[in-house]
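Only one structure is covered here, and it is reproduced in the block below.
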Amino acid sequence: MNDEMTFVKCPTCARAVEWSENSIYRPFCSKRCQLIDLGEWADEEKRIPSNEDVSDSDDWSEPQR
């Protein structure tokens, strides 16, 4: 069994974070860094690239059957 701890960098501040059940905010080091990241997604500062051209006026309802 491997007793070595694994560490990752917090995506927000780059602080080392232990990757275990003890780190409740992993991969973030704290609730603060987690909320900063969430805010960046909400403000659309971060996004997943897409080839689709989707605008706010597009209909998001279920297709008609």
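Side chains included, hydrogens not; waters and symmetry mates left out as well; all remaining heavy atoms used. These figures come from a predicted structure and were not determined experimentally.
Remark: the backbone N or O of Glu18 is paired with a side-chain donor or acceptor of Ser23 at under 3.5 angstrom. Between the side chain of Ser20 and the main chain of Asn22, a donor-acceptor pair closer than 3.5 Å is present.
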Derivation of the side-chain contact (heavy atoms from CB on, under 4.5 Å) call for Gln34 and Leu38: CA-CA 6 Å; Gln34 185 184 51; Leu38 178 61; 5.9 Å; no
List the steps and the verdict of side-chain contact (heavy atoms from CB on, under 4.5 Å) for Phe28 and Val17. CA-CA 7 Å; Phe28 303 97; Val17 179; over 6 Å; no
Applying side-chain contact (heavy atoms from CB on, under 4.5 Å) to Trp41 and Ile48, what does each step give before you reach the verdict? CA-CA 10 Å; Trp41 283 97; Ile48 298 173; 3.9 Å; yes
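Heavy-atom contacts from other residues, nucleotides or ligands closer than 6.0 Å to CD of Glu45 number more than 12. Within a 6.0 Å radius of NZ in Lys46, more than 12 heavy atoms belonging to other residues, nucleotides or ligands are found.
A heavy-atom distance below 4.5 Å is found between the side chains of Lys31 and Leu35. Using a 4.5 Å cut-off on side-chain heavy atoms (C-beta onward), Cys13 and Cys29 make contact.
Between Arg26 and Glu21, the shortest heavy-atom contact is NH1-CA, 3.3 Å.
Between the OG1 atom in Thr12 and the CD1 atom in Ile36 there is a gap of 6.0 Å [rounded to 0.5 Å].
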